[in-house]
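In the text below, chain A, chain B and the rest are named by the order of the sequence lines, each starting its count at 1.
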Amino acid sequence: MPLFFLFFFFWLSLTCRMPLHLVLCQRRISSCSFLSSFKFVFFDSYPPFGSSHFCLCSSRNQSTKTHSVRSSPRPALGPTLKQSPMSYYASLLQSCVVRKAIEPGKQLHARIWQMGISFNPLLATKLVNLYCICNSLTNARLLFDRISKRNQFLWNVMIRGYAWNGPYEIAISLYYQMRDYGLVPDKFTFPFVLKACSALSAMEEGKKIHKDVIRTGLESDVFVGAALIDMYAKCGCVESARQVFDKIDERDVVCWNSMLATYSQNGQPDESLALCRVMALNGLKPTEGTFVISIAASADNGLLPQGKELHGYSWRHGFESNDKVKTALVDMYAKSGSVNVARILFELLEEKRVVSWNAMITGYAMHGHANEALDLFKEMKAKVLPDHITFVGVLAACSHGGLLNEGKMHFRSMISDFNICPTVQHYTCMIDLLGHCGCLEEAYKLIMEMRVEPDAGVWGALLHSCKIHGNVEMGELALEKLIELEPDDGGNYVILSNMYAQAGKWDGVARLRDLMMDKGLKKSIACSWIQVGNKVHAFLSEDASHPKSEAIYAELKRMGKLMKEAGYAPQVGSVFHDVEDDEKVDMVSCHSERLAIAFGLISTSAGTKLLIIKNLRICEDCHVAIKFISKITEREITIRDVNRYHHFKDGVCSCGDFW
DNA sequence: GTAGGGTTAG
């Protein structure tokens with residue numbers, strides 16, 4: 001019986017050229033009961049121009065999350081004799097828009113259709129707007145396509161619908177259709193269409209639209225300008241974003257925030273923080289966004305005093321109880337080495353959203369505190385639904401902690417229990433975990449089974465695992481793939497070269513060295529930072545440019561002697577060149593992190609903890625050496641390398657030598 | 001007679 005009715009309504013929708021959902025609404029209005037699952041509300045008591053009244057109520061139905069229209073004994077919002085049906089329905093639709101109430105909106109659409117006024121420009125526009133706001137783009141587009149006279153506002157609403165919800169290409173296509181239609185884009189059109197370009201990282205398209213912006217003279221508009229900055233930021237074009245920023249008249253705080261975010265998102269946290277200072281000097285009042293962006297930038301460069309400064313700055317501006325700022329601080333403290341402070345702030349959050357849980361779980365994962373991360377994940381599952389980022393943190397925790405079975409279990413659970421499709425990041429964690437645990441064949445098999453295209457991160461994880469386990473054959477395969485994906489990255493060649501060196505295959509070392517020279521490739525320059533007092537000191541490998549260089553090298557020599565007495569034997573596998581052993585020892589002992597540590601030792605009082613940040617992975621020899629240094633000097637030394645944290649204390653590293 | 005921009009986790 002219900003099937004018969006559905007066919008009947010389908011036929012009705014075809015013959016009446018009316019969308020099926022409206023036919024169903026109409027039927028519902030006529031008190032058909034079997035379609036109760038649609039949760040439409042009866043309008044039987046509604047007389048458009050009668051004496052009884054109803055209003056849209058704001059209370060939500062907890063179980064269905066739909067808004068309802070209910071009868072009201074008060075004659076407050078009903079139509080008046082002076083009120084036209086257009087303005088009456090317009091005001092009701094506006095209420096639906098404000099409340100994002102799609103179901104009552106559909107019923108109003110049905111009623112409007114029944115009355116034959118659904119193509120009234122005002123009502124049609126409001127309906128399209130409502131459908132777009134409620135992400136019901138199919139309905140919006142059905143109506144939009146049937147409206148013959150489309151004004152600027154209507155086009156903007158439809159472009160916005162696609163720019164917010166996708167498919168983003170349609171937003172861009174509609175922009176050009178609007179121009180062909182004879183309309184000139186305005187200050188509202190550009191932010192929408194540029195948002196679609198941002199989402200697609202479509203710089204060429206964005207540049208074309210930027211030219212249109214210039215032609216219409218809207219480049220200096222703050223809204224258009226902010227959208228342009230964001231578009232260039234998402235396309236990785238920092239200079240173009242800055243050019244737009246410099247051209248905007250009367251820049252508001254959002255323009256500043258956009259520019260701060262541009263630097264931060266493109267690996268330039270220091271520039272972001274410098275601009276934040278300029279912003280403060282210009283007397284602009286920072287907003288929540290300013291703090292979230294700046295604290296995130298500070299988390300990226302990992303310098304705790306700078307982050308603390310921002311923490312205080314946010315308090316002075318009354319953001320001490322702002323949960324978004326606090327979540328950014330949780331992330332910052334965790335990334336800057338103070339995972340315990342991060343936990344205290346996390347516990348102080350009034351509302352722990354999924355982002356907050358993710359920040360804390362990821363923080364634990366970075367520090368190799370796998371059990372804490374998994375305990376927190378267990379607690380989270382009882383309160384908040386995890387997302388794909390949560391699982392990146394959980395799998396990273398398993399990977400850094402070497403928890404093979406737990407990692408496999410959570411990976412399976414993510415897919416089957418949480419219906420989350422694994423992304424390349426999840427696969428990278430799994431390859432890292434399997435590879436570190438020596439399951440190289442299984443790791444390779446997983447890469448072959450991946451539902452997404454493996455990227456350089458995935459093959460890099462496999463290559464690194466091959467290096468740990470000395471599997472030259474699979475390492476060669478991984479490098480082959482990496483050369484296809486990252487032809488200009490010399491670091492990949494160096495890893496395989498080191499593997500050849502460890503296996504004594506010097507012809508392989510020479511071949512790779514020649515290959516690198518032919519291609520003009522160099523290994524990324526290793527750099528380490530340490531903050532002493534208010535100053536950040538940077539060191540490159542074998543760096544002798546620091547004013548205290550002589551004392552630093554003297555300290556290294558003194559330390560080397562003590563380490564040797566304590567039983568330290570240099571491991572020189574990570575030296576690229578085929579050189580004499582003595583020379584190799586000298587080369588590794590001058591790695592950037594060792595220079596930073598030596599400077600820290602001579603510049604701070606006994607017992608002071610040292611925090612060093614490095615732009616690459618820490619090498620095996622330095623890892624062994626720093627364990628010795630921590631014991632000999634009785635210092636706690638923390639290294640944040642590109643992958644994770646290493647806490648050295650009393651001759652032991654927190655990673656348990658699993659990294 | 002209606003609308004708009006930025007930021008948070010690996």
Side-chain N,O (A:Lys352) to OP1/OP2 (B:dT8) below 4.0 Å: no
Expressed as a whole number of angstroms, how long is the span from A:Trp357:CH2 to B:dA9:P? 18 Å
Atom pair distance, as rounded to whole Å: CG in A:Leu349 and C1' in B:dA9: 13 Å
Checking all strands, does A:Lys187 fall into the base, sugar-phosphate, or nothing category for heavy-atom contacts under 4.0 angstrom? base
A:Phe377-A:Trp357 aromatic ring centre distance below 6.0 Å: no
With the threshold set at under 4.0 Å for non-hydrogen atoms, list the residues of residues 149-160 of chain A touching DNA chain B in residue-number order. A:Phe153, A:Asn156, A:Arg160
So, A:Phe223 and B:dG5: ring centres less than 5.5 Å apart, planes less than 30° off, yes or no? no
Would you say the ring centers of A:Phe411 and A:Tyr427 fall short of 6.0 Å from each other? yes
Under 4.0 Å, heavy atoms only, any strand: does A:Ala328 hit a base, just the sugar-phosphate, or nothing? nothing
Taking the ring of A:His647 and the ring of A:Tyr645, is the distance between their centroids below 6.0 Å? yes
Is it the case that the ring center of A:Phe418 lies less than 6.0 angstrom away from the ring center of A:His388? no
When all nucleic acid strands are considered with a 4.0 Å heavy-atom cut-off, which category describes A:Asn129: base, sugar-phosphate, or nothing? nothing
Applying the side-chain contact (heavy atoms from CB on, under 4.5 Å) criterion to A:Leu137, which one of A:Tyr162, A:Trp164, A:Tyr131 satisfies it? A:Tyr162
So what does A:Asp221 touch, heavy atoms closer than 4.0 Å: a base, only the sugar-phosphate, or nothing? base
Mind checking if A:Phe188 touches a base, just sugar-phosphate, or nothing, with heavy atoms under 4.0 Å? base
